[in-house]
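The sequence lines fix the lettering, A, B, ..., with proteins before strands; numbering per chain opens at 1.
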Amino acid sequence: MNKYNHRDIEKKWQEFWEKEELDKALNFDKKPKFYGLIEFPYPSGEGLHVGHIRPDTAMDIICRKRRLQGYNVLYPIGWDAFGLPTENYAIKTGIHPTVVTKKNTDNIRRQLKNLGFSFDWSREINTTDPAYYKWTQWIFLQFLKRGLAYKKKMAINWCPSCKIGLANEEVVDGKCERCGTPVEKRDKEQWLLAITKYADRLDKDLDTVNFLEKIKTQQKNWIGRKEGINITYLIDGTKETITVFTTRPDTNYGATFVVLAPEHELAMKITTEDNKKTVAAYVNNASKKTEEERITEGRKKTGVFTGRFAINHLTGKKMPIWVSDFVLSGYGTGAVVGVPGHDIRDFEFAKEFGLEIIRVVVGKDYDTSPIARPEQVQEEEGRMVNSGILNGLEIHEATRKIMDYMVEKGWGKKVVTYHLRDWIFSRQHYWGEPIPVVFCEKCKNRKYNFIFIHGYDSTCKTPWKAWLKKELEKRGHAFFGPELPNTANPNVEEQANYILKNAKIDEDTIIIGHSLGGAVMMKILEKIKTKIARAVFLDAVLRPEFNHREIPEVIASSDWKFNFKKIKKAANEFVVLADKDFIIIPKDQSEELGKLFEARVIYVKPNHRHFSRAEIEPEVLKLFDDNGRVPVPEKDLPVELPKVEKYQPTDTGESPLAAISDWVNTKCPRCGGPARRETDTMPNWAGSSWYYLAYLMMEKNPKSEIRNPKQIKNSKFKIRNDEKNLKYLDLRFAGDQFKYWLPVDWYNGGMEHTTLHLLYSRFWHKFLFDLGLVPTSEPYAKRTSHGVILAEGGVKMSKSRPETIINPDDLVKRFGADALRVYEMFIGPFDQTVAWSMDGLAGAQRFLEKIWNFYGQVKLMDCDDGKKPCANAPAGLPQLLHKTVKKVGEDIEAMKFNTAISAMMIFMNFIGKHEAVPRAAAERFLIILAPFAPHLAEELWQKLCHKQSIFREKWPEYDPALAQDQTIKLVLQINGKVRDLVEAAADIGEEEAKELALASEKIKKWLVGKEVKKIIFVKGKLINIVI
RNA sequence: GGCUCAGUGGCGGAACUGGUAUACGCACAACACUUAAAAUGUUGCGUCCUAUGGGCAUGUGGGUUCGACUCCCACCUGAGCCACCA
C-alpha cells in the first residue's frame, strides 16, 4: 500500500460526503433527533485560527457519533456578521460591509470545509441577510407590542474622538476600545428591552436545564436575585418620606445616617436653603464625571449633607440625610441607610464625615469595642447587641424577626431586587439591524376622541374612569363615556346601537371596551365603515365564562358570535390591557384576544381591581401617549439598510444612518404624513438571540425533505410561498419544525458568552414561548463550554500580535485535517486553557500513519463475530477491544476527548504488534476512530472492500463482561504501602486473598517479629495488612 | 473586594466513588536498520541512597483515615468573570 498521504484522500471524501448528502438533517424524520449546536462564527478578516476550531471539532465528533448511533442529526452553521470590526474596516477602506462580509465568509467557509466538519450546509444562515433580519425586526416589534421594548433617556458612553456612542463592552478601563480616549457620559434616548421582567424566570428555570454548574452560578450571580426590605422613613420637618432598600434590616438599630444617590429625585427637593448651593454643585459635578475620573478617584468617599434628618423607627434617632455618588441610582431605591458598624462602605463614609458608629452584632471573638479600622467591620455571622427586641438573636433569626415586625408596623415592604438591568438595545452604528420604528410629529400631536364603553352593571363614573377622563382631557383629547341602557340586564346589540347612534366615530377615534364593553365594542366594529385609530380591550370579556361564578345576565346579553375578520379590519391597532390580579375574568381571554387581533398585550401592576380605583398607572397613559413612535407594519419588513457610500459617524452622536436623508425621511404608516425613521440599529446580540431557530426555518432543497403530508394541504404552508424571501419559513408558521427539533440537545460555547448571549437568547426564547411560537420554555437542554487555546509559550492569540496567530490552513496542508483534528482534541482537557505545540501535532500525525501502515499490511481473520476470540487471535484482544469501545464512547459523552484518543493509541499499540487480527476487531476500531479522523477512517473502510460509507455503519456495542478484567494484579500492602503484587481472579474472596498475601515472600519478610493488628480487604483491588 | 476554577516529571497531561501516582503523547538518550541522514522499530526515562532492596515526592503547612492527587482547615501562586449592588 502507498504511504499515508492526507492530500490524496481528504478532498476526495469531502466531495463524496457532500454528494451523498450524508450530513443533511431531515425535518420530521422517524429516527430520534439530535440537535448539536456551536456558536456561529463572526466572519473576521483574519479568518479562523486553531483556537476557533476546537469547539467545532468537539461537536463534530459528538454529531458523527450520534449519526453512527442512528440519530437524525442537525449540526448547522452560519454567520453572525453584523458588528464593529467589519464597519471599521469599511470606514477605513471604503469597501462596503456587504462586500467585506461576503469575502470573509467565503474564506472561513473554505477553511471549515477543509477540516471535514459535518455541517448541514444547506441551512447556512447569515444575520446580515435582509431575509434573516426581517425576523429579527419582527421579534423586536413583538417586544414593542407587549410593552417590553421602550425608549428612555439615559447616560451613554461617548467617545469624543470617534464621535460615537459606545456600548459597555466597547469601553475598556474607562477608555474607548478603539482609540483609547477617555469616555464621557452623555444623555441620549435609548431603546431598552425589559429583560428584568423575566429575571425571576431566568433565575428559577436554571434548575430545569443541564448546564455546567459554573455556568449556572455565573448566570445566577449576574441576575443577582436578592430578597430584602424597602423601609420608609419620615423626613423630620417635612411631609416627605424616604424609602431605602436593605438586605440587612437586622442591623437597623445601628443605622445612623441615610445616603441618596445624586440622581435621586429627593436630593434637591428636600435640601434646606442653607445647603442648596453645595448640594446642587455636588449633584451637577457627579453627572459630569467621566468613567476615568471615577476610577482614578478610587473608593474615596465624597458627599454633602442636605440639612435634613430621617427618623429611625426603632431608635427614634435623627439620622442625617446625605448625598453621595457611592450610592447607585439604578439599584434598589437609589437610597441606602447607613449602618457603619457592619458595612464597609458605610464605615468609610462615616469615618470620612465623622458620623456615629454603633456596633449591633458581635462575632465569634465577642469583641464589642468601638471600631477603629475597616477590617474590624465584621459580617456574616454573630449575635445581636444594642438592638432592643433583637438582642441575643443570631443574625439570620434577627433578620426574619425584624422584617416581619417592620411589615406588620407598616414601616416596610418585603421586596426582591435584581442586579440584572434592562438591556440597552440601541447602537449608533451603521452595520446593524435597523430598528423598525418611525417617528411622526403629526401622530405625536394628534388629538383623539375616546369612547369609553363600560361593563355589565356598571357606570362611567367610577374613580378610575374619572381619573382617565381627567388625564386624557388634560392632554387635549376628547372623552365620551355615556351611561349605557339597561346596564343591570344588558343587551350587547342594543348597547352597541346606542353608541353608534350617539357617538361620532371616525379615523381619530379610540374605543375602549371595558369588561362586557369589550363585546359591545366588537359588535360596533363589525358594523362601522370607517377604520378607527385604535381599539382597546380593557379586562374585556370574549366569552361569558368566568372563574368562581356564573353571571346569567351576561350569558344572556349576547349571541357571543363575532366576525373577527371584519373586526380586525375596523381598527388600525389593537391593544389588550389587563389587570394581572383580577380573578373573575380568566386571563386566557385576554391572551386569546391578543392573538386574534395581533394586539399589544399589556398587564398592569397588581391591585387595580378591574380598573376601579383611582390610581395613577403610567403604563396605561403610555398607551395614549407614545411620543409619535409608530412601529413599521409587519408587512413592510424588512426595513433594509440603505446602500450608501459613507459609514462615517456623525458629529451629533447619532448613527451614520441619520445623514442619509433619502432613507430617513419616509411616510408615517399610521397617518400617511411625513415621518423620520429611527436611525439607531440593534446590537450584535440581537441576531444571535434566535439564530438556532433560523436554522429550523431554512427552506432549501425541499426535494430531500420528508414532509408531513398533512402540511402540504395546510394553508399555512401556502403563505410561505407568498413571502418575498423564500429562504426562511414564516416564523409564525414554523411551529412544526420547532416542535420536532427543539430544544437544542447540546450547545457548546465559550464562557465569555454566559452572561450576555446565553442569557439574552434564553430571554428571547421565553418571550417567544409566551407568544406560543416555540414549544419549550428553555432553548437549550444542555450547555457545556470549552477552554481557550493559547499560542506557543502561553500568550493569547491576538490580532495586535499577528505572529501569535496560528492559521489552520498551512497545518491542514502539511499535516492534514485529520491530524489537526486529533491533535486539537488530544492537546489537553477540553474545558481547560491549553497552549499550542507544533511537536504535539507531529505526534498526532504519527499516530494516524501508524494506523494507515498497520491496515495496509495486516492479515484479517474472518473467524469470529467479535465477541468470541479466534483460536489463533492475539490473547487479550477481545478484552482490550471492548474496553476501548466502552471508554471511547463514554469519554466522548463526557467531552474527555484527550483520554479517548489515549485509549485508541493503547489499542493501536497493542494490535500493531500483530500480523493478523480478527476482521471484526479491525473494523470496530475504525468505526470508533471515524468521528475523530473521518477521512482516514473512510479511506481505510473502503480499502477493506466496503461499498458504503463508514458513517452508515452502527456504533459498536461492547460486552460489559469482556470490558471488565478477568484477572487483576492484587495489591499487597503493609500499613498502606505497596510491598507486592500478585495475579488473582477479579472476584477473589477475602480468605483466599489473605492466604495469597501471607504466602508472598516479600510480605513474609515484613511480618517477621511483627504482630498483625488488622487486615483490610478491598474487593477487586487490594489487601492491606496493618502491623 | 466578591464569585468560579486550577496548581502532579524537562513539557502537554492521566488516575473510577479515598485503594499500584506519573497512563497516553511530546522532548531526550542508547541500540537496531542505513554508506550516511531522515523515517521507522526496540529499550530506558520523577528524585535520592549504603541499590535483587529501600527512603522521599502530586503548590505550602496541618488534620481525618488502615490508606489522601482525591475529603476537611489555613495559607501561597496563577487564570477567568464581575466589581462602591446596600
Side-chain angles (χ1 to χ4, degrees), chain A residues 3 212-218 220-222 224 226 228 244-249 251 259 294-295 297-301 324-328 330-339 342-346 348-349 374 417-421 750-752 754-755 785 787-788 790 794 822-823 826-829 831-844 846-847 849-850 853 887 890 896 898-909 912-913 968-981 1002 1005 1013-1027:
Chain A
K3 256 188 83 184
L212 288 183
E213 215 42 55
K214 61 176 173 180
I215 295 174
K216 286 190 186 182
T217 319
Q218 208 167 305
K220 279 197 187 249
N221 290 344
W222 183 257
K226 271 190 187 152
V244 300
F245 172 73
T246 178
T247 55
R248 293 290 309 274
T251 61
V259 191
R294 250 201 38 172
I295 288 162
E297 264 175 25
R299 253 143 238 215
K300 187 161 155 49
K301 298 286 181 289
S324 170
D325 64 0
F326 86 86
V327 177
L328 305 172
Y331 187 75
T333 60
V336 301
V337 57
V339 184
H342 302 283
D343 182 282
I344 189 74
R345 295 150 304 183
D346 295 351
E348 284 163 5
F349 193 76
T417 61
Y418 298 93
H419 170 223
L420 184 71
R421 300 299 148 81
M751 277 311 282
E752 71 276 19
T754 303
T755 52
S785 78
V788 181
L790 302 172
V822 167
Y823 180 60
F826 188 63
I827 188 168
D831 57 352
Q832 268 165 52
T833 306
V834 285
W836 187 259
S837 147
M838 282 300 173
D839 291 337
L841 182 54
R846 228 170 284 162
F847 170 55
E849 270 168 6
K850 205 185 265 184
N853 293 336
K887 176 135 185 78
E890 286 172 357
K896 288 158 80 175
N898 52 338
T899 51
I901 292 170
S902 144
M904 289 190 286
M905 285 170 168
I906 292 170
F907 182 83
M908 193 55 225
N909 288 345
K913 292 194 178 82
I968 51 156
K969 280 182 191 153
L970 187 71
V971 176
L972 308 181
Q973 293 184 331
I974 303 281
N975 285 350
K977 283 194 200 285
V978 180
R979 295 305 176 191
D980 200 7
L981 300 170
K1002 287 177 189 166
K1005 217 166 70 186
K1013 281 190 191 148
K1014 201 156 115 187
I1015 294 183
I1016 288 141
F1017 174 70
V1018 181
K1019 200 163 190 288
K1021 289 269 195 298
L1022 58 78
I1023 184 155
N1024 186 13
I1025 301 170
V1026 185
I1027 54 174

Asker: Cation-pi check for A/F349 against A/K301: NZ or CZ below 6.0 Å from the six-membered ring centre and within 45 degrees of the axis, yes or no?
Answerer: no
Asker: Which heavy-atom pair separates A/A844 from A/V822 by the least distance, and what is that distance?
Answerer: CB-CG1, 4.0 Å
Asker: Provide the closest heavy-atom pair for A/V1026 versus A/N975 in the form atom of the first, atom of the second, distance.
Answerer: CA-OD1, 3.3 Å
Asker: For B/C73 and B/G55, measure between their P atoms and round to the nearest Å.
Answerer: 32 Å
Asker: Under 4.0 Å, heavy atoms only, any strand: does A/I1016 hit a base, just the sugar-phosphate, or nothing?
Answerer: base
Asker: Using the C1' atom in both, what is the distance from B/U65 to B/G10, to the nearest Å?
Answerer: 35 Å
Asker: Of all heavy-atom pairs between A/S785 and A/I215, which one has the smallest distance, and what is that distance?
Answerer: CB-CD1, 4.4 Å
Asker: Calculate, to the nearest 0.5 Å, the distance between atoms NZ and CG belonging to A/K216 and A/N221 respectively.
Answerer: 14.0 Å
Asker: Return the value, rounded to whole Å, for the distance between atom CG of A/N975 and atom P of B/C66.
Answerer: 11 Å
Asker: When you get a sec, tell me which of B/A15, B/G25, B/U20 is the closest nucleotide to the side chain of A/V971?
Answerer: B/U20
Asker: Tell me whether A/D343 contacts the main-chain N or O of A/V339 through its side chain, where contact means a donor paired with an acceptor under 3.5 Å.
Answerer: no
Asker: Taking syn as a glycosidic torsion within 90° of 0 and anything else as anti, which one is B/G59?
Answerer: anti
Asker: Spell out yes or no: do the side chain of A/Q973 and the base of B/G19 have one donor N/O and one acceptor N/O closer than 3.5 Å?
Answerer: yes
Asker: Closest heavy-atom contact between A/L841 and A/W836?
Answerer: CD2-CZ2, 4.3 Å
Asker: A/N898 near the nucleic acid: base, sugar-phosphate alone, or nothing, with a heavy-atom cut-off under 4.0 Å?
Answerer: sugar-phosphate
Asker: Please check: side-chain N/O of A/Y823 versus main-chain N/O of A/S837, any donor-acceptor pairing under 3.5 Å?
Answerer: yes
Asker: How close or far is atom P of B/A23 from atom CZ of A/F826, stated in whole angstroms?
Answerer: 12 Å
Asker: In this structure, how many angstroms lie between the C1' atom of B/C26 and the CE atom of A/M905, rounded?
Answerer: 10 Å
Asker: For a quick test of reading the model, state the closest non-hydrogen atom pair linking A/N1024 to A/I974 and the distance between them.
Answerer: OD1-C, 3.8 Å
Asker: Quick one: A/K969 NZ to B/U20 P, roughly how many Å, whole number?
Answerer: 13 Å
Asker: Within the structure shown, what part of the strands sits under 4.0 Å from A/V327 by heavy-atom distance: base, sugar-phosphate, or nothing?
Answerer: base
Asker: Measure from NZ on A/K896 to P on B/A15 and round the result to the nearest Å.
Answerer: 5 Å
Asker: If you check the A/S902 side chain, which of B/A14, B/A23, B/G67 turns out closest?
Answerer: B/A23
Asker: Under a 4.0 Å heavy-atom cut-off, which of residues 834-843 of chain A touch RNA chain B?
Answerer: A/V834, A/D839, A/G843
Asker: State, yes or no, whether a side-chain contact exists between A/F826 and A/M905 at a heavy-atom distance under 4.5 Å.
Answerer: yes
Asker: With RNA chain B as reference, determine whether A/T247 or A/Q218 sits nearer its 5' end, using the nearest nucleotide of each.
Answerer: A/Q218
Asker: Calculate, to the nearest 0.5 Å, the distance between atoms CG and CG belonging to A/L970 and A/L981 respectively.
Answerer: 8.5 Å
Asker: Identify all pairs in which a protein N or O lies below 3.5 Å from an N or O of nucleotides 39-47 of chain B, and state each distance.
Answerer:
none

Asker: Could you write out RNA chain B as a dot-bracket string, with dots for unpaired bases, | for bases paired across to another strand, and Watson-Crick or G-U pairs counted at under 3.5 Å?
Answerer: (((((((..(((......[....))).(((((.......))))).((((...))))..(((((..]....))))))))))))....
Asker: With sequence neighbours excluded, what pairs up with A/T754 under the side chain to side chain donor-acceptor pair (under 3.5 Å) test?
Answerer: none
Asker: Can you check the distance between B/U64 and B/G18, where both ends of the measurement are the C1' atom (answer in whole Å)?
Answerer: 11 Å
Asker: Rounding to an integer number of Å, can you tell me how far A/D980 CG sits from B/U20 P?
Answerer: 15 Å
Asker: Rounded to the nearest angstrom, tell me the gap between atom CZ in A/F1017 and atom P in B/U20.
Answerer: 14 Å
Asker: What nucleotide among B/A23, B/G13, B/G19 has an atom nearest to a side-chain atom of A/K1021?
Answerer: B/G19
Asker: NZ/A/K1002 to NZ/A/K1005 distance, rounded to the nearest 0.5 angstrom?
Answerer: 8.0 Å
Asker: At under 4.0 Å, does any side-chain N or O of A/N909 touch on OP1 or OP2 of B/A23?
Answerer: no
Asker: A/W222 has an atom CH2; how far is it from atom P of B/C82, in whole Å?
Answerer: 6 Å
Asker: Distance check, C1' atoms only: B/A27 and B/G44, in whole angstrom units.
Answerer: 14 Å
Asker: Could you check whether A/V978 gets within reach of a base, just the sugar-phosphate, or nothing at all, counting any heavy atom under 4.0 Å?
Answerer: sugar-phosphate
Asker: What contact category does A/V1026 fall into here, base, sugar-phosphate, or nothing, at under 4.0 angstrom with non-hydrogen atoms?
Answerer: sugar-phosphate
Asker: B/A23 and B/G13: how far apart are their C1' atoms, nearest whole angstrom?
Answerer: 10 Å
Asker: Rounding to an integer number of angstrom, what distance separates B/A21 and B/G54 when you compare their P atoms?
Answerer: 13 Å
Asker: Between protein and nucleic acid, restricted to nucleotides 2-6 of chain B and to nitrogen or oxygen atoms under 3.5 Å apart, what atom pairs and distances do you find?
Answerer:
| residue | atom | partner | partner atom | Å |
| --- | --- | --- | --- | --- |
| B/C3 | O2' | A/N221 | ND2 | 2.9 |

Asker: Please check if the side chain of A/S902 supplies one atom and the backbone of A/N898 the other of a donor-acceptor pair under 3.5 Å.
Answerer: no
Asker: To the nearest 0.5 Å, tell me how far A/I1015 CD1 sits from A/I1027 CD1.
Answerer: 11.0 Å
Asker: Between B/A14 and B/U58, how many Å separate the two C1' atoms, rounded to a whole number?
Answerer: 12 Å
Asker: What does A/L981 touch in the nucleic acid at a heavy-atom separation under 4.0 angstrom: a base, only the sugar-phosphate, or nothing?
Answerer: base
Asker: Could you pick out which residue, A/I901 or A/N1024, lies toward the 5' side of RNA chain B when each is mapped onto its nearest nucleotide?
Answerer: A/I901
Asker: Tell me what A/K1014 touches on the nucleic acid: a base, only sugar-phosphate, or nothing, going by heavy atoms under 4.0 Å.
Answerer: sugar-phosphate
Asker: Classify the side chain of A/K301 and the base of B/C84 as holding, or not holding, a donor-acceptor pair under 3.5 Å.
Answerer: yes
Asker: Choosing from B/C84, B/G19, B/A15, which nucleotide comes nearest the side chain of A/D325?
Answerer: B/C84
Asker: Between A/V244 and A/T333, what is the shortest heavy-atom contact and its length?
Answerer: CA-OG1, 3.4 Å
Asker: Give me the distance, rounded to whole Å, that separates B/C71 from B/A6 when you measure between the P atoms they each carry.
Answerer: 9 Å
Asker: Under a 3.5 Å cutoff, is there a donor and acceptor pairing between the side chains of A/N909 and A/K850?
Answerer: yes
Asker: Would you classify A/E213 as touching base, sugar-phosphate or nothing, given that sugar-phosphate means primed atoms plus P, OP1 and OP2, and contacts are heavy atoms under 4.0 Å?
Answerer: nothing
Asker: Extract from the structure each pairing of a protein N or O with an N or O of nucleotides 55-57 of chain B at less than 3.5 Å, listing the distance.
Answerer:
| residue | atom | partner | partner atom | Å |
| --- | --- | --- | --- | --- |
| B/G55 | OP1 | A/R979 | NH2 | 3.2 |
| B/G55 | OP2 | A/R979 | NH1 | 3.3 |

